[in-house]
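Throughout, residue positions are numbered sequentially from 1 according to the sequence presented. In this text, all values refer to a predicted model and were calculated from it rather than measured experimentally.
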Amino acid sequence: MAVSMLDLMLFPLSCGHNVVLGRLQGKKSWICETCQMQTDLTESRVRAALVKDFDTAVQIDLQAKGRGEKVQRLG
C-alpha cells in the first residue's frame with residue numbers, strides 16, 4: 001500500500017519552514033507551528049505554488065492507482 005503524496009510532499013511556508021502539503025487542503029492561511037508566522041495561502045504567488053504542488057501530488061497518486069497500487073491518506 002502506498003502513502004498518498006499529499007501526506008509525503010512538503011510545502012514551503014513564507015517563513016522558510018515546511019508543512020505537509022495535505023494539511024493545507026481547504027485552508028486560506030496557515031500559522032507555522034515552529035515560529036508562529038502566518039502564511040496567506042490566497043496570495044497569488046503562494047496560491048500558484050500550492051495549486052501546482054497539489055496537482056503534482058494528485059497526478060502521482062493517480063499514476064500509482066493506475067499501476068494497481070492502493071493509495072491511502074494518513075490523516
Could you check if a side-chain atom of [X] sits within less than 4.5 angstrom of a side-chain atom of [Y], using non-hydrogen atoms only?
X: Arg23; Y: Phe11; answer: no
X: Val19; Y: Leu13; answer: yes
X: Arg47; Y: Leu50; answer: yes
X: Gln59; Y: Leu62; answer: yes

Look up atom [atom1] in [X] and atom [atom2] in [Y], then write down how far apart they are to the nearest 0.5 Å.
X: Glu33; Y: His17; atom1: CD; atom2: NE2; result: 11.0 Å
X: Met9; Y: Thr56; atom1: CE; atom2: OG1; result: 5.5 Å
X: Gln38; Y: Cys15; atom1: CD; atom2: SG; result: 11.0 Å
X: Leu6; Y: Arg73; atom1: CG; atom2: CZ; result: 4.5 Å

hydrophobic_cluster_shared for Val3 and Ile60, side chain cutoff 4.5 Å:
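Yes.
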
Examine Val71 and Phe54 and state if one hydrophobic cluster contains both, with Ile, Leu, Val, Met, Phe, Trp and Tyr joined whenever side-chain heavy atoms are less than 4.5 Å apart.
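No, because Val71 and Phe54 fall into different hydrophobic clusters, even though each may have its own neighbours under 4.5 Å.
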
Ignoring hydrogens, what is the shortest heavy-atom contact between Val46 and Ser14? Give both atom names and the distance.
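Heavy atoms only, the tightest pair is CG2-OG, 4.4 Å.
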
How far apart are the closest heavy atoms of Asn18 and Pro12, and which atoms are they?
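Of all heavy-atom pairs spanning Asn18 and Pro12, the closest is OD1-CA, 3.2 Å.
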
Side chain Asp7, main chain Leu74, donor-acceptor under 3.5 Å:
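Yes, Asp7 side chain to Leu74 backbone: donor-acceptor pair under 3.5 Å.
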
Tell me if a side-chain donor or acceptor on Thr42 pairs with a main-chain N or O of Lys28 at a distance below 3.5 Å.
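No; zero donor-acceptor contacts below 3.5 Å.
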
So does Arg67 have more than 12 non-hydrogen atoms from other groups sitting under 6.0 Å from CZ?
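Count over threshold, so yes.
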
Among all residues two or more places apart in sequence or in another chain, which pass the side-chain hydrogen bond (donor to acceptor under 3.5 Å, both in side chains) test with Ser4?
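side-chain hydrogen bond (donor to acceptor under 3.5 Å, both in side chains) check on Ser4 returns Asp61.
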
